[in-house]
There are 2 protein chains.
Amino acid sequence: MQMNERSVAPRMGRQPLTTRAALSHAALQLFLERGFEQTTVDDIASAAGIGRRTLFRYFPSKNDLPWGDFEAELARMRAFLAATDATMSVVDALAAAVIEFNRFPPEEVPYHRERMNLLLNVPALVAHSTLRYAEWRRVVSDFAAGRLGVAVDAIEPTVIGWVFLGASLAAYEQWLRTNDSDLIELLESALVLLREGFAPGRSPSVEPGGRT
Amino acid sequence: MQMNERSVAPRMGRQPLTTRAALSHAALQLFLERGFEQTTVDDIASAAGIGRRTLFRYFPSKNDLPWGDFEAELARMRAFLAATDATMSVVDALAAAVIEFNRFPPEEVPYHRERMNLLLNVPALVAHSTLRYAEWRRVVSDFAAGRLGVAVDAIEPTVIGWVFLGASLAAYEQWLRTNDSDLIELLESALVLLREGFAPGRSPSVEPGGRT
DNA sequence: CAGACTAGTGGCACTCAGTGCCGAAAAAGA
DNA sequence: TCTTTTTCGGCACTGAGTGCCACTAGTCTG
């Protein structure tokens with residue numbers, strides 16, 4: 001077989017000049033320096049040493065650049081969910097997956113933070129993010145539907161998708177607002193609110209006058 | 001005082017040629033006929049008999065046209081919430097407000113349905129909607145924070161905002177998928193899932209193998 | 001090695017959304 | 001009539017995104 005020798009250039013045709021990751025990184029750099037709106041696609045392309053036309057072959061829009069390879073992240077999450085114990089409750093499994101999905105090596109945390117700061121604050125990116133979140137919700141509701149034995153478009157999987165997304169984003173917003181908080185802890189407390197906070201009489205935190 | 005005589009033209013300067021409502025309606029008409037992407041802003045402007053430049057004074061973007069006067073809707077909801085009995089639980093009050101917010105006179109239902117069909121299916125509109133939803137969530141979390149006596153940016157009001165939005169949109173998605181369903185009923189069942197479905201051991205619907 | 005084949009590149013021209021500028025139009029008031 | 005106020009809309013410009021197409025840099029075959 002000796003494929004190793006060809007691993008550098010295993011296929012025909014011209015080699016790509018760059019990668020999605022490199023472009024995403026270069027773009028993020030510029031967005032942080034000058035701001036998202038102040039950076040044109042031309043700026044990014046020339047910073048990365050490629051043509052503007054080429055950039056649009058790597059990413060369908062300027063808005064997609066900060067997301068990098070989100071599809072791969074989703075695949076990771078899907079795999080994690082598929083591997084959970086089938087006797088685990090759907091909510092437990094999803095809670096574990098959400099935590100896992102958002103765990104990053106410590107050295108990447110500051111980078112991730114700046115990225116999420118852009119995604120959750122720049123209006124154009126906030127808007128565009130919805131499309132990515134829809135794919136994320138799809139992973140969640142596909143899993144829920146499978147485990148519950150109902151159709152994906154039934155109301156339970158749909159609500160579950162929305163509600164887990166909501167809890168995750170609430171935790172992210174909280175994380176970005178504070179300086180030294182731990183994302184995982186915030187996710188856990190948001191998920192606790194989901195599981196216990198909305199049942200009447202279970203938690204005083206959502207009763208009038210209540211406190212945490 | 002006799003302001004009545006001037007009610008037709010109570011202020012100085014040239015009279016507006018049209019209204020936000022009329023433009024929103026004209027645009028929606030075209031979007032339904034040819035599709036959102038296939039309709040240019042020029043098309044809408046000339047259909048409404050105004051200049052393109054003028055249209056952008058009524059609406060900040062093409063994406064805003066289908067929303068009409070959403071700010072007024074939000075004000076209605078805020079007023080409803082403010083008028084709720086202070087002894088009512090936050091979740092009860094919000095559930096009632098969500099139902100009220102989405103009640104429409106029967107003759108407007110088909111129109112509302114087509115409008116929501118666009119908003120929830122055209123990618124550009126789906127993305128843009130996020131910004132409107134953020135304002136909606138703000139109304140919810142402002143109310144929750146006030147009643148709970150916590151800061152608006154605490155985690156509980158944030159999660160509550162997200163989760164009620166999620167439940168509402170799940171109901172909408174369900175409504176649009178089926179032909180003869182009742183939006184209010186769907187909202188109610190989504191809210192039931194919120195309140196009872198996520199507490200362990202309370203509902204079999206989110207346990208493995210469970211059904212509805 | 002020449003030519004065929006394949007895949008990535010990027011220039012050019014175009015469409016369309018959105019904006020700044022500014023003069024014209026339409027109303028009210030003195 | 002002249003001034004003030006407000007809306008209108010043309011013009012020109014920026015910037016994202018797309019279709020087209022020739023070019024480049026590789027591999028493969030004879």
Side-chain angles (χ1 to χ4, degrees), chain A residues 2-24 26-27 30-31 34-67 122-129 131, chain B residues 2-24 26-27 30-31 34-67 122-129 131:
Chain A
Q2 45 189 24
M3 277 283 175
N4 289 342
E5 299 225 352
R6 346 179 87 201
S7 66
V8 188
R11 81 196 163 303
M12 264 185 112
R14 182 171 174 175
Q15 260 57 37
L17 283 184
T18 182
T19 61
R20 286 173 62 85
L23 288 178
S24 175
L30 291 174
F31 293 159
R34 335 180 182 171
F36 181 80
E37 303 292 357
Q38 285 65 46
T39 309
T40 69
V41 173
D42 279 292
D43 292 338
I44 302 164
S46 59
I50 61 169
R52 163 199 158 78
R53 191 64 186 82
T54 301
L55 192 146
F56 280 112
R57 288 212 185 79
Y58 283 84
F59 287 91
S61 79
K62 181 184 174 187
N63 291 333
D64 284 298
L65 280 160
W67 282 95
V122 174
L125 294 177
V126 172
H128 184 76
S129 298
L131 306 174
Chain B
Q2 43 189 28
M3 277 285 174
N4 289 340
E5 300 226 350
R6 348 180 83 201
S7 65
V8 187
R11 81 196 163 301
M12 262 185 113
R14 181 171 176 173
Q15 259 54 37
L17 284 183
T18 181
T19 61
R20 285 173 62 85
L23 288 177
S24 176
L30 291 175
F31 294 160
R34 338 179 180 171
F36 181 80
E37 303 292 357
Q38 283 67 46
T39 308
T40 70
V41 174
D42 279 292
D43 292 338
I44 303 165
S46 58
I50 60 169
R52 164 198 159 79
R53 191 64 186 81
T54 301
L55 192 146
F56 280 112
R57 287 211 186 81
Y58 283 85
F59 287 92
S61 79
K62 181 184 173 186
N63 292 332
D64 283 299
L65 281 160
W67 282 94
V122 174
L125 294 176
V126 172
H128 184 76
S129 298
L131 306 175

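Numbers restart at 1 for each chain; the letters A, B, ... are given by sequence-line order, proteins then strands.
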S.K.: Quick one: on DNA chain D, does A:T39 or B:P16 contact a more 5' nucleotide (nearest heavy atom)?
M.R.: B:P16
S.K.: Let's test your reading of the model: under 3.5 Å, does the base of D:dT24 pair with the side chain of A:R14 as donor and acceptor?
M.R.: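 It does, because a donor-acceptor pair links the side chain of A:R14 to the base of D:dT24 below 3.5 Å.
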S.K.: A:Q38 has an atom CD; how far is it from atom C1' of D:dG15, in whole Å?
M.R.: 13 Å
S.K.: Just one of A:D43, A:T39, A:T40 clears the side chain to side chain donor-acceptor pair (under 3.5 Å) bar with A:R34, so which one?
M.R.: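 Only match with A:R34 under side chain to side chain donor-acceptor pair (under 3.5 Å): A:D43.
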S.K.: Tell me: CZ of A:R20 to P of C:dG8, nearest whole Å?
M.R.: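 Nearest whole value for this atom pair: 13 Å.
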S.K.: Test of understanding: with ring-ring contact (aromatic ring centres under 6.0 Å, His included), list the residues that count as partners of A:F59, not counting sequence neighbours.
M.R.: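 Scan of A:F59 (ring-ring contact (aromatic ring centres under 6.0 Å, His included), adjacent residues dropped) gives none.
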S.K.: How close do A:E37 and A:A124 get, counting heavy atoms only, and between which atoms?
M.R.: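 Residues A:E37 and A:A124, closest heavy atoms: OE2-CB, 4.1 Å.
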S.K.: Expressed in angstrom and rounded to an integer, what is the separation of B:H128 atom NE2 from C:dG18 atom C1'?
M.R.: 13 Å
S.K.: What residue pairs, at least two apart or across chains, pass salt bridge (Lys or Arg N to Asp or Glu O under 4.0 Å) with a residue in residues 15-24 of chain B?
M.R.: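 Residue pairs with at least one partner in residues 15-24 of chain B: there are none.
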S.K.: What is the distance, to the nearest angstrom, from the CD atom on A:Q15 to the C1' atom on C:dA7?
M.R.: 9 Å
S.K.: Go through residues 52-64 of chain A and report each residue with a non-hydrogen atom lying under 4.0 Å from DNA chain C, sorted by number.
M.R.: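 Those residues are A:R53, A:T54, A:R57, A:Y58.
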S.K.: In residues 40-51 of chain B, which residues come under 4.0 Å of DNA chain D by heavy atom?
M.R.: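 Residues of residues 40-51 of chain B under 4.0 Å from DNA chain D: B:I50, B:G51.
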S.K.: Drop me the distance from B:W67's CH2 to B:L131's CG, to the nearest 0.5 angstrom.
M.R.: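 Spacing of CH2 (B:W67) from CG (B:L131) equals 9.5 Å.
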S.K.: Rounded to the nearest 0.5 Å, what separates atom CG in B:L65 from atom CG in B:L23?
M.R.: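 Between atom CG of B:L65 and atom CG of B:L23 there are 7.0 Å.
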S.K.: Closest heavy-atom contact between B:A22 and B:T19?
M.R.: N-OG1, 3.0 Å
S.K.: Send over the distance from B:M12 CE to C:dA27 C1', rounded to a whole Å.
M.R.: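 Value for this atom pair: 8 Å.
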S.K.: With sequence neighbours left out, which residue pairs that include part of residues 45-63 of chain A fulfil the side chain to side chain donor-acceptor pair (under 3.5 Å) condition?
M.R.: A:S61-A:D64
S.K.: In whole angstroms, how far is the P atom of D:dG17 from the CD atom of B:E37?
M.R.: 12 Å
S.K.: According to salt bridge (Lys or Arg N to Asp or Glu O under 4.0 Å), who are the partners of A:R14, at least two apart in sequence or on a separate chain?
M.R.: none
